[in-house]
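Because the structure is predicted, anything quoted here is derived from the model rather than measured.
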Amino acid sequence: MKITVIGGGPGGYEAAIYAAKKGAEVVLVEKDKVGGTCLNRGCIPTKAFLASYDTLETVEQAKSFGINVAGEPEVDYPAILARKNKVMASLVKGIEFLMKKNNVTVIKGFGSLVDKNTVKVAKDDGTEETITTDYVILATGSVPIAPPVFKYDGKRVITSDEILDFEQAPKSLILVGGGVIGCEIGQFLAAMGTEVTVVEALPRLLAPMDEDVSKQIQRQFKKDKIKVVCGDGIAEVNPAEDHVDVTLSSGKTLSADYVLVAIGRAPFTKGAGLENAGVEMAERGRVATNEYLQTSVDNIYAIGDIINTPFLAHVASKEGCIAVDNIMGAKKVATYHAVPGCVFTNPEIANVGKMEWQLQKEGKEPGKDYKTGTFEFKGLGKAQASGHIAGFVKVIVDADDVLIGAEIVGARASDMLQVLTTAIQMKLKAEEVADSIFPHPTMCEAIMEALHDVHGMSVHKA
């Protein structure tokens, strides 16, 4: 059995290795570097930057912990950039090693379908290679959205792709979009000395989250001296030689060295030759699949950002393995009721399952159709001892006490979330999870307290 994977991002490369481990002959086609957007232009480089930000903050707060550091800390941006690139290069090299170890053939070039069993690869040197295959997994990912109104030029009007390679932090930046990408990059650059203004058309930052979560990050941005304009859109963008002028829908005008457009991403299927094989499309440029991730063509599967599932690297990775299993004869169905999402700001934000606003939109009544339990980190000994007192845990249960949603705002929120993700995936009750013993002193005790709070039994809640 021969499987060809088009796209070497988290979904594609993991599917390739997984398929090879299950005994298939595997070819991976990638137009750039293995690891895709996540490793090379998204998740990993931004986390490397944010690690530098965390270190800077630790040094700045050292005195309050009884540690005296001589002089003010200085930001060496080129060194931060070099470290980021080193981390990325190391991870790319690691994936390339895994490909060789698992006998996955990697072909660099732009892959497209000729028909259901043929993939054409256009290489950088102008040559072409044709692959005959039994199955295809489409994993071509997504690209940043930049509508014409922004006059995107990659110079003064940029996306997250360009900002990650700047040799110096810009003096000023208008960041359009108060979502995950905007908040992470905005907070990092503000710490590096950039004057940041975030413009969000919706009423608040991180609008897909519950309001109490959004308020927490907006309070932090105020402390960080990040200007935030919510409930206002972009009417006009005029890039000049050395700056960009922006007119908002309200008529207000802004000016900065750069405008960074971070309003979302769109599926990337242009030139993939899907029509040649008869692959049907769905709304908003997505590829249509059934519950088994199979397209309208029986031997072609699609995963990740090009299908109608959450735009998250870990979702693509899971889908890649499910697609392989189904190619091998299984009938696995992907489930999405417990998809974890993380925002690596300070404090971190993590959520899984349903949120309160979604339940209320569905007509559910608090106290009747669902209950919540909350606990603030400042009530924990570990939080006080470590100085990480900002934030809280919120859990949501249905009328039968089954966990259906959770949100964490605070230090290491992304690491703690898995306890609740597993509980929601397994449809456990709050009482069942709360009955387990949580280690002390730890930050995750806030989860235990929030679970007990569902029934009004949190010992440390005032």
If we count only N and O atoms by modelled type, under 3.5 Å, do the side chains of [X] and [Y] hold a donor and an acceptor together?
X: Y13; Y: E96; value: no
X: Q218; Y: S214; value: no
X: E319; Y: T309; value: yes
X: T345; Y: Q187; value: no
X: S414; Y: E348; value: yes
X: N117; Y: T133; value: no
X: N238; Y: E236; value: yes
X: D298; Y: Q294; value: no

**Report entry** Chi angles and distances behind the side chain to side chain contact (heavy atoms under 4.5 Å, CB included) call for V237, T247
**Finding:** CA-CA 6 Å; V237 176; T247 303; over 6 Å; no

Which atom names give the shortest non-hydrogen contact between [X] and [Y], and what distance separates them?
X: I424; Y: A406; result: CD1-N, 4.1 Å
X: Q216; Y: A390; result: NE2-CB, 4.0 Å
X: L56; Y: M192; result: CD2-CE, 4.0 Å
X: P340; Y: L312; result: O-CD1, 3.6 Å
X: A146; Y: V261; result: CA-CG1, 4.3 Å
X: L189; Y: P170; result: CD2-CD, 4.2 Å

Kindly confirm or rule out a cation-pi arrangement of [X] over [Y], judged by NZ or CZ under 6.0 Å from the six-membered ring centre and within 45° of its axis?
X: K31; Y: F268; value: yes
X: R265; Y: F311; value: no
X: K331; Y: Y292; value: yes

Under 3.5 Å, side chain of [X] to main-chain N/O of [Y], donor-acceptor pair present?
X: K47; Y: C43; result: yes
X: T421; Y: L417; result: yes
X: R204; Y: M209; result: yes
X: D210; Y: W357; result: yes
X: R156; Y: E241; result: yes
X: N102; Y: A20; result: no
X: T295; Y: T289; result: no

Does [X] [atom1] have over 12 foreign heavy atoms under 6.0 Å away?
X: K2; atom1: NZ; value: yes
X: Q360; atom1: CD; value: yes
X: K371; atom1: NZ; value: no
X: E167; atom1: CD; value: no
X: M1; atom1: CE; value: yes
X: K227; atom1: NZ; value: no
X: K84; atom1: NZ; value: yes

Does the pair [X]/[Y] count as a salt bridge with the N-to-O cut at 4.0 Å?
X: K252; Y: D232; value: no
X: E129; Y: K120; value: no
X: K22; Y: D325; value: yes
X: E356; Y: K364; value: no
X: D32; Y: R41; value: yes
X: K429; Y: D400; value: no
X: E195; Y: K225; value: no

Does a side-chain heavy-atom distance below 4.5 Å link [X] with [Y]?
X: V119; Y: V114; value: no
X: P239; Y: D153; value: yes
X: V136; Y: Y301; value: no
X: I234; Y: S249; value: no
X: V27; Y: V5; value: no
X: I80; Y: F49; value: yes
X: E280; Y: L274; value: no
X: C38; Y: P10; value: yes

What distance do [X] atom [atom1] and [Y] atom [atom2] have between them, rounded to the nearest 0.5 Å?
X: L28; Y: I137; atom1: CG; atom2: CD1; answer: 10.0 Å
X: N346; Y: E184; atom1: CG; atom2: CD; answer: 12.0 Å
X: N326; Y: L293; atom1: CG; atom2: CG; answer: 6.5 Å
X: E128; Y: K123; atom1: CD; atom2: NZ; answer: 10.5 Å
X: I163; Y: L173; atom1: CD1; atom2: CG; answer: 5.5 Å
X: T159; Y: I185; atom1: OG1; atom2: CD1; answer: 8.5 Å

Query raised in the report: When the aromatic ring centroids of F166 and Y258 are compared, is their separation below 6.0 Å?
Result: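 Between F166 and Y258, the centre distance is under 6.0 Å.
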
Query raised in the report: Are the ring centres of Y53 and F188 closer than 6.0 Å?
Result: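 Aromatic pair excluded; centres sit 6.0 Å or further apart.
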
Requested in this report: Test I226 against every option in V196, T194, L175 by the side-chain contact (heavy atoms from CB on, under 4.5 Å) rule and name the one that passes.
Outcome: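 It is V196, the one option of V196, T194, L175 that forms the side-chain contact (heavy atoms from CB on, under 4.5 Å) with I226.
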
Query - Partner of V259 by side-chain contact (heavy atoms from CB on, under 4.5 Å), out of I158, V199, V244 - result: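 Going through the options one by one, the only one that passes is V244.
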
Report task. Decide side chain to side chain contact (heavy atoms under 4.5 Å, CB included) for V402 and L428; before the verdict, give the C-alpha distance in whole Å, the side-chain angles of both, and the deciding distance to 0.1 Å. Result -> CA-CA 6 Å; V402 175; L428 299 179; over 6 Å; no

Query raised in the report: After noting the C-alpha distance and the side-chain angles of E200 and V228, does the key distance pass the side chain to side chain contact (heavy atoms under 4.5 Å, CB included) rule?
Result: CA-CA 8 Å; E200 170 55 59; V228 177; 5.9 Å; no

Query raised in the report: Can you list the steps and then say if T372 with V395 is a side chain to side chain contact (heavy atoms under 4.5 Å, CB included)?
Result: CA-CA 6 Å; T372 64; V395 297; over 6 Å; no

